[in-house]
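Single-structure report; data block below.
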Amino acid sequence: MQENIVKELGLSPLWRKKSTLAETPPPPAAAVAEVPSKAVSKRNVVNQSPVQSPVADVSGGIRVAKMNWQQLRGAVEECQQCPLCPTRIKTVFGVGDRQATVMIIGEGPGEEEDQRGEPFVGRAGKLLDMMLHAIQLDRKRNVYISNMVKCRPPGNRNPTREEIEQCLPYLQRQIALVEPHLLVALGKVAAAHLLNTETSIAQLRQKVHDYNNIPLVVTYHPAYLLRSPQEKRKSWEDLKFIRRLLKEH
Ligand code: URA
């Protein structure tokens, strides 16, 4: 199965087959479902970020911090708080298992996500799904996926700091509701904001950081991997790192 995925991704020479991975059969569904034996070891945590308040200090943050899933989705759908709202087609809330152990955080919706209202459904999303499958994670079963901002930045530009901060209470509430034991930040925008750093992905990856007492790892954004396929090998190393963390506890 691993080999098929690597082939389908067209990664064969780049994603070196790792003996442990090649030899380890995928766990049965029941075992995967148990990956959520929440609590990734914190002994390797390298970057203890300053504790941030459970909600960003923006108006409405406290209200959002008490919402249930339904209220939160409704608040996102009705949100008019930042300049991204008027140009969106659909808000892109999040998708996946609300009790997942692993939560993936991207940057913001692109064109297809804006049209469909679901994160990571375009080309980058297809690559993300393949990457997740390679470590037995699946948006339909055992991972939750969301973005820093819930509306598409026009022309796929990066969201601004202000837009991210306006939207942050929604993400923070999603994290609080899911209670993941591992956060995965995809790409520079998510990593920079969640860890409050300008450090490059190259330096942040392969380490366990801390986000409000939740272990957080950083890896390349799949859209970047599509543009820079030579980095896929490193991304594969990061996926194995994630899988090791999940197995460790
Ligand atoms: N890129 C992201 O960061 N998020 C999406 O949902 C789609 C593309």
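Numbers here are sequence positions counted from 1. Atom set for the values below is all heavy atoms of this structure, side chains included, hydrogens, waters and symmetry mates excluded. In this text the structure is predicted, and so the values were computed from the model without any measurement. Indexing begins at 1, ligand by ligand and atom by atom, following the structure's order.
- Residue Glu113 places no N or O, backbone or side chain, under 3.5 Å from any N or O of ligand 1.
- Of all the atoms in ligand 1, the ones that sit under 4.0 Å from a non-hydrogen atom of His221 are 1 (N), 2 (C), 3 (O).
- Under 4.0 Å from ligand 1, heavy atoms of Pro119 appear from its side chain as well as its backbone.
- Residues Glu237 and Lys234 are not paired through a salt bridge, judged by the lack of any N-O separation under 4.0 Å between the basic side chain and the carboxylate.
- Counting protein heavy atoms only, atom 4 (N) of ligand 1 is closest to Asn147 OD1, 2.8 Å.
- By the criterion of side-chain heavy atoms lying less than 4.5 angstrom apart, applied directly or through intervening Ile, Leu, Val, Met, Phe, Trp or Tyr residues, Phe120 is grouped together with Val149 in one hydrophobic cluster.
- With distances taken over non-hydrogen atoms, the option nearest atom 5 (C) of ligand 1 out of Gly108, Gly106, Ser146 is Gly108.
- The distance criterion of under 3.5 Å between nitrogen or oxygen atoms is met by Phe120 with respect to ligand 1.
- A salt bridge between Asp238 and Arg205 is present, with a side-chain N of the basic residue lying under 4.0 Å from a carboxylate O of the acidic one.
- The shortest heavy-atom contact between Pro119 and Ile145 is CG-O, 3.7 Å.
- Close contacts of ligand 1 with Glu107, meaning ligand atoms under 4.0 Å from a residue heavy atom, involve 2 (C), 3 (O).
- If you look at Tyr144 and Trp69, their ring centroids are closer than 6.0 Å.
- A salt bridge links Glu118 with Arg139: the distance from a Lys NZ or Arg NE/NH1/NH2 to an Asp or Glu carboxylate oxygen falls below 4.0 Å.
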